Amino acid sequence: MTKSLPEVRFLDLSIKNTQDRKDLKEVLERCMDHGEFVMGKEISRLEKSLSEYVSREYCKTVSSGTDALYLALKGIDVKSGDEVITSPLSWIATANAIHMVGAKPVFCDINDDLNLDPNSIEKVISKNTKALLTVDYTGNMAEYAPIMEIASKHNLKLVEDGSQAFGAIYMGKRCGYFGDVSAISHNPMKIFGGLGEIGSVFTDDEEIANKIEILRYNGTFNKEILKYPSLNFRADSLNAAFLQSRLKTLPKKLKRRAEIAERYTKSLKSVCITPKETKDSQRVFYTYTIQIKNRDALSNYLADNNIETKIQHPLLMSEQIPYSQCKANTKKASQIIKKVLCLPIHEGLSNEQVDYVIEKVINFQES
Ligand SMILES: *Cc1c(COP(=O)(O)O)cnc(C)c1O
């Protein structure tokens with residue numbers, strides 16, 4: 001009988017018999033006791049903790065990361081006729097949020113760090129440009145020093161999509177600190193995720209914060225007076241409470257992922273392009289994304305060896321049919337996208353599993 005191969009899954013969201021499971025059960029008990037399942041103290045408590053964590057005046061929790069982006073753009077009054085410059089490499093929610101407020105996404109190029117290339121921004125600025133939307137992609141912070149300079153020079157608003165980098169630090173400040181408004185997803189796949197859909201929006205501007213608060217509940221003020229017709233974007237209080245209880249284990253998760261990344265990088269830096277880190281920053285590892293020539297063949301080879309990988313994303317947002325007519329300057333991005341592959345990096349992996357992945361990647365390159 002042949003020995004069965006070890007299995008390395010890309011992500012395992014089941015909650016085994018751990019402290020986390022105990023904590024979540026306690027949260028459920030507490031919420032059943034008080035019965036506040038919409039808004040209430042669980043939401044206020046989470047918003048307070050998150051605004052302290054990110055050092056921002058205001059945090060508003062919302063129904064998802066996508067909704068957070070949408071409301072962030074609404075909050076700074078991006079609308080029909082406006083253009084928003086963003087990276088072409090992100091989860092499609094980034095471009096969709098721009099589209100859904102009626103504006104046009106405009107795509108600039110990226111660098112080897114998979115983040116927006118600050119030098120490519122000015123080439124696509126027009127008189128209609130209203131805002132820049134940065135993505136802290138894969139967990140690596142965008143280069144905010146030059147980006148903020150460009151934004152201020154051209155009088156553009158800055159929106160940060162920090163969905164993949166919550167917990168990362170740039171020049172001493174955490175992800176979520178950099179936009180006039182910053183939007184973050186806490187869906188269960190993210191490193192700091194709840195038990196369902198939830199997102200958060202951060203700002204220091206009271207007016208923007210108030211507007212978002214009104215927009216997230218049908219555009220009503222005090223639930224009585226309609227200010228701006230809108231939909232319901234409130235987060236579930238139960239989920240907010242679950243998320244709150246996971247804030248204390250976040251540092252441990254980030255640390256374990258960083259250890260795995262270091263282990264990968266040490267052995268793989270000679271066989272492929274390993275993840276980069278922006279200067280003056282401390283990144284997190286939402287994904288461990290390598291760049292390698294025979295990407296598809298490697299992915300198949302790893303699958304044959306019971307190792308699950310993901311291509312995030314097979315298409316640039318600018319290559320998606322509804323956005324294919326948008327202005328784009330994405331030469332480097334179209335090369336890079338053919339080479340990206342995400343290796344498993346969730347905190348539940350053992351060193352043996354990581355070494356097994358390393359061994360197989362090296363075997364593939366040598367064959
Ligand atoms: C996950 C993600 C989103 C969307 O968040 P949801 O909570 O899934 O709606 C937006 N942008 C980026 C970069 C993401 O990774």
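We count ligands from 1, going down the list as the structure has it; atoms in each ligand are counted the same way. Please read these numbers as outputs of a predicted model, since none were measured by experiment. Heads up: numbering here begins at 1 and tracks the sequence.
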Taking the six-membered ring of Y177 as reference, does the NZ or CZ atom of R56 fall below 6.0 Å from its centre and within a 45° cone about the axis? yes
Can you tell me the protein heavy atom closest to atom 1 (C) of ligand 1 and the distance? K190 NZ, 1.7 Å
Give a yes or no on whether a salt bridge exists between K130 and E83, defined as a side-chain N under 4.0 angstrom from a carboxylate O. no
Between K104 and D82, does any NZ, NE, NH1 or NH2 come within less than 4.0 Å of an OD or OE carboxylate oxygen? no
Ligand 1 contact on D67 by region, counting heavy-atom pairs under 4.0 Å: neither
Which atoms of ligand 1 are found less than 4.0 Å from any heavy atom of S90? 13 (C)
Crowding at CE, M100 (>12 non-hydrogen neighbours, <6.0 Å): no
Quick check: does D161 get an N/O under 3.5 Å from an N/O on ligand 1? yes
Any N or O on I198 sitting closer than 3.5 Å to an N or O of ligand 1? no
Run the numbers for me: atoms of ligand 1, each under 4.0 Å from some heavy atom of S185, listed by number. 1 (C), 5 (O), 6 (P), 7 (O), 8 (O)
Taking atom types as modelled, find out whether R283 and T138 have a side-chain donor-acceptor pair closer than 3.5 angstrom. yes
Protein contact of atom 9 (O) of ligand 1 - nearest heavy atom, named by residue and atom, plus distance: T66 OG1, 2.5 Å
